[in-house]
Amino acid sequence: MTYVAKLFILICLGFCLVAYPAHADESSRQNKSETKKSETQFVVGQTYTGTSAWYGLRAHGKRTASGQIFDSTQLTAAHRTLPFGTMVKITHKKTKKSAIVQITDRGPSSPSYIIDISRQAAIDIGMLRQGRATVTLEIVALPASYAYNSARK
């Protein structure tokens with residue numbers, strides 16, 4: 001085989017390898033995205049249990065992921081997936097105290113926590129000193145926009 005023929009074959013193989021992922025089984029990609037959407041369905045009354053922490057001093061006055069200005073004296077929280085505006089009842093497992101918070105931010109960044117609550121919410125449920133606590137979350141209300149978008153699917 002000549003040098004030119006070998007070079008031509010290598011270039012063709014290179015193009016095949018580069019082009020294949022762009023056209024690879026698009027139906028499987030669509031199925032994955034549809035599965036993700038169905039996994040993130042939330043319902044009023046749904047509960048979760050896990051560890052919570054509070055935040056507020058460094059974030060006070062800064063913009064949250066929802067666009068609001070964070071105020072550590074308000075009853076707000078950060079959750080990874082709940083829609084912004086969702087109202088969640090958070091109950092401290094030991095003290096049995098609870099507060100209703102609104103999801104206004106994304107977080108927590110640590111995978112060991114399920115929610116970050118504002119300083120005021122931590123005071124209300126009695127976990128300010130510990131900094132973290134085992135809590136139960138219950139979805140109290142979902143934003144109207146979530147109900148509208150869920151109905152359209």
Side-chain angles (χ1 to χ4, degrees), residues 14-153:
F15 279 121
C16 289
L17 290 174
V18 171
Y20 179 72
H23 303 296
D25 197 13
E26 291 184 20
S27 63
S28 68
R29 275 191 257 162
Q30 288 173 348
N31 291 341
K32 286 179 186 175
S33 65
E34 287 172 13
T35 305
K36 259 188 173 180
K37 286 179 187 175
S38 64
E39 289 174 3
T40 57
Q41 295 296 318
F42 300 106
V43 180
V44 172
Q46 214 168 3
T47 60
Y48 306 91
T49 300
T51 306
S52 172
W54 67 271
Y55 72 117
L57 302 178
R58 288 188 185 156
H60 186 79
K62 294 184 179 171
R63 194 167 300 280
T64 64
S66 67
Q68 297 179 8
I69 301 298
F70 178 70
D71 183 352
S72 63
T73 65
Q74 299 299 310
L75 296 173
T76 60
H79 192 274
R80 286 184 195 89
T81 56
L82 284 171
F84 294 131
T86 300
M87 303 300 286
V88 178
K89 181 179 178 183
I90 182 164
T91 305
H92 190 299
K93 289 286 238 180
K94 283 187 181 175
T95 66
K96 304 294 185 218
K97 293 181 179 179
S98 62
I100 296 178
V101 296
Q102 182 178 25
I103 304 299
T104 60
D105 206 357
R106 289 290 172 234
S109 57
S110 171
S112 58
Y113 296 104
I114 62 168
I115 194 166
D116 278 340
I117 59 175
S118 66
R119 185 175 191 277
Q120 185 60 51
I123 291 169
D124 288 359
I125 68 169
M127 67 167 264
L128 186 66
R129 284 196 149 190
Q130 302 104 347
R132 64 180 177 193
T134 302
V135 297
T136 300
L137 307 178
E138 180 185 355
I139 298 175
V140 177
L142 291 162
S145 61
Y146 180 78
Y148 174 74
N149 289 332
S150 295
R152 292 181 62 196
K153 291 178 184 176

task = State, with a plain yes or no, whether a side-chain heavy atom of T49 is found less than 4.5 Å away from one of T134.
result = yes
query = Out of curiosity, K89 NZ to T47 OG1, how far, rounded to the nearest 0.5 Å?
reply = 11.5 Å
message = Measuring only between side-chain heavy atoms, which start at C-beta, is I90 closer than 4.5 Å to L137?
response = yes
query = Can you list the residues that meet the side chain to side chain contact (heavy atoms under 4.5 Å, CB included) rule with S72, with sequence neighbours excluded?
reply = H60, F70, R119
request  = Under the side chain to side chain contact (heavy atoms under 4.5 Å, CB included) rule, collect the residues that match up with Q68, sequence neighbours excluded.
outcome  = T64, S66, T104
request  = State which residues pass side chain to side chain contact (heavy atoms under 4.5 Å, CB included) with K94; sequence neighbours excluded, sorted by chain then number.
outcome  = H92
key: Between OG1 on residue T86 and NE2 on residue H79, distance to nearest 0.5 Å   = 9.0 Å
Tell me which donor-acceptor pairs under 3.5 Å the side chains of residues 109-116 have, and how far apart each pair is, sequence neighbours excluded?
{"unit_1": "S110", "atom_1": "OG", "unit_2": "S112", "atom_2": "N", "d": "3.4"}
{"unit_1": "S110", "atom_1": "OG", "unit_2": "S112", "atom_2": "OG", "d": "2.9"}

task = Work out which heavy atom in P143 is nearest to a heavy atom in G85; give both atom names and the distance.
result = CD-C, 4.1 Å
task = Mind checking side chain to side chain contact (heavy atoms under 4.5 Å, CB included) for R106 and listing every partner two or more places apart, or none if nothing turns up?
result = A65, F84, I103
task = Search all heavy atoms of T91 against all heavy atoms of S98 and return the closest pair with its distance.
result = OG1-CB, 3.3 Å
key: Distance-minimising heavy-atom pair for W54 and S118   = CB-O, 4.0 Å
inquiry  = Do I69 and R63 have side chains that approach each other closer than 4.5 Å (heavy atoms only, starting at C-beta)?
reply    = yes
inquiry  = Rounded at 0.5 Å granularity, tell me how far CG in L82 sits from CD in Q46.
reply    = 8.0 Å
remark   = Taken to the nearest 0.5 Å, the spacing of I100 CD1 from E138 CD works out to 8.5 Å
Check: residues 123-131 side-chain donor-acceptor pairs under 3.5 Å, at least two apart:
{"unit_1": "D124", "atom_1": "OD1", "unit_2": "Q120", "atom_2": "NE2", "d": "3.0"}

